[in-house]
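Taking it in order: structure first as structure tokens, then the write-up.
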Number of protein chains: 2
Amino acid sequence: PDWHIVERDGIPRLERVFTVKDFATALALANKVGVIAEEEGHHPALLTEWGKLTVTWWTHKIRGLHRNDFIMAAKTDKAYASLK
Amino acid sequence: PDWHIVERDGIPRLERVFTVKDFATALALANKVGVIAEEEGHHPALLTEWGKLTVTWWTHKIRGLHRNDFIMAAKTDKAYASLK
């Protein structure tokens with residue numbers, strides 16, 4: 001279960017921590033996810049740290065999870081796979 | 001006081017939230033801070049969201065704040081200023 005649902009500020013969110021080799025790679029993945037976000041007009045929270053990127057999706061308008069968030073999660077996984 | 005000290009996991013950290021116009025600008029600022037981080041070999045946590053970037057500096061080795069973190073904060077401010 002790479003993605004898990006976390007509730008924060010009363011809003012359920014879909015979150016996954018991607019482990020990568022260093023800070024630059026985490027930021028590179030953040031940029032790939034940023035491209036997807038702009039394409040779809042749907043934006044996550046991206047926490048870039050040394051060796052990991054935490055990606056969080058949710059739908060602001062409904063203060064929760066929409067089918068689209070799960071699609072974005074799948075696209076995020078593809079971006080991660082393309083790093084290697 | 002743009003930067004404030006927050007304690008998280010028992011570690012004091014220097015944090016600032018930069019307000020920007022959209023997600024792409026937040027990510028652009030994250031990339032600028034990433035360049036500074038690589039130059040100095042010292043890496044922050046960067047939380048990119050729509051319209052804001054939260055930058056957090058601390059020194060892992062000492063589990064706290066070092067003079068260098070304040071220097072990095074000043075460099076981060078310059079990167080932000082250069083956005084406009």
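Bear in mind the structure is a predicted one, so any value in this text is a computation, not a measurement. Below, read A as the first sequence line, B as the second, and so on, with proteins coming before strands; counting in each chain starts at 1.
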Exercise. What closest approach, in Å, do B:A24 and A:E38 show between heavy atoms, and which atom pair accounts for it?
Worked result: N-OE2, 3.5 Å

Exercise. With a 4.5 Å limit on heavy-atom distance, are the side chains of A:W50 and B:P44 in contact?
Worked result: no

Exercise. Does B:L47 share a hydrophobic cluster with B:V55, counting links as ILVMFWY side-chain heavy atoms below 4.5 Å and allowing steps through other members?
Worked result: no

For this session: Find out if a path of hydrophobic residues (ILVMFWY) with successive side-chain heavy-atom gaps under 4.5 Å connects B:I36 to B:V20.
Result: yes

Problem set entry | Hphob cluster co-occupancy, A:W3 + A:I5, side-chain heavy atoms under 4.5 angstrom | yes

Exercise. Is it the backbone or the side chain of A:D22 that comes under 4.5 Å from a heavy atom of chain B, or both, or neither?
Worked result: neither

For this session: Give the member of A:T48, A:V35, A:L53 that has the highest number of heavy-atom pairs under 4.5 Å with chain B.
Result: A:T48

For this session: Would you mind reporting whether B:N31 and A:L27 have side-chain heavy atoms less than 4.5 Å apart?
Result: yes

Exercise. Any idea which of A:T56, A:T54, A:L46 has the most non-hydrogen atom pairs under 4.5 angstrom with chain B?
Worked result: A:L46

Seminar exercise, completed: Of A:H42, A:H60, A:H43, the one forming a ring pair (Phe, Tyr, Trp, His ring centres under 6.0 Å) with B:F23 is A:H43

Problem set entry | Residues of residues 72-80 of chain B contacting chain A, heavy-atom criterion under 4.5 Å, by residue number | none

Exercise. Do you reckon A:L65 sits in the same ILVMFWY cluster as A:V6, going by side-chain contacts under 4.5 Å, direct or chained?
Worked result: no

Exercise. Going hydrophobic residue to hydrophobic residue with side-chain gaps under 4.5 angstrom, can you get from B:W57 over to B:F18?
Worked result: yes

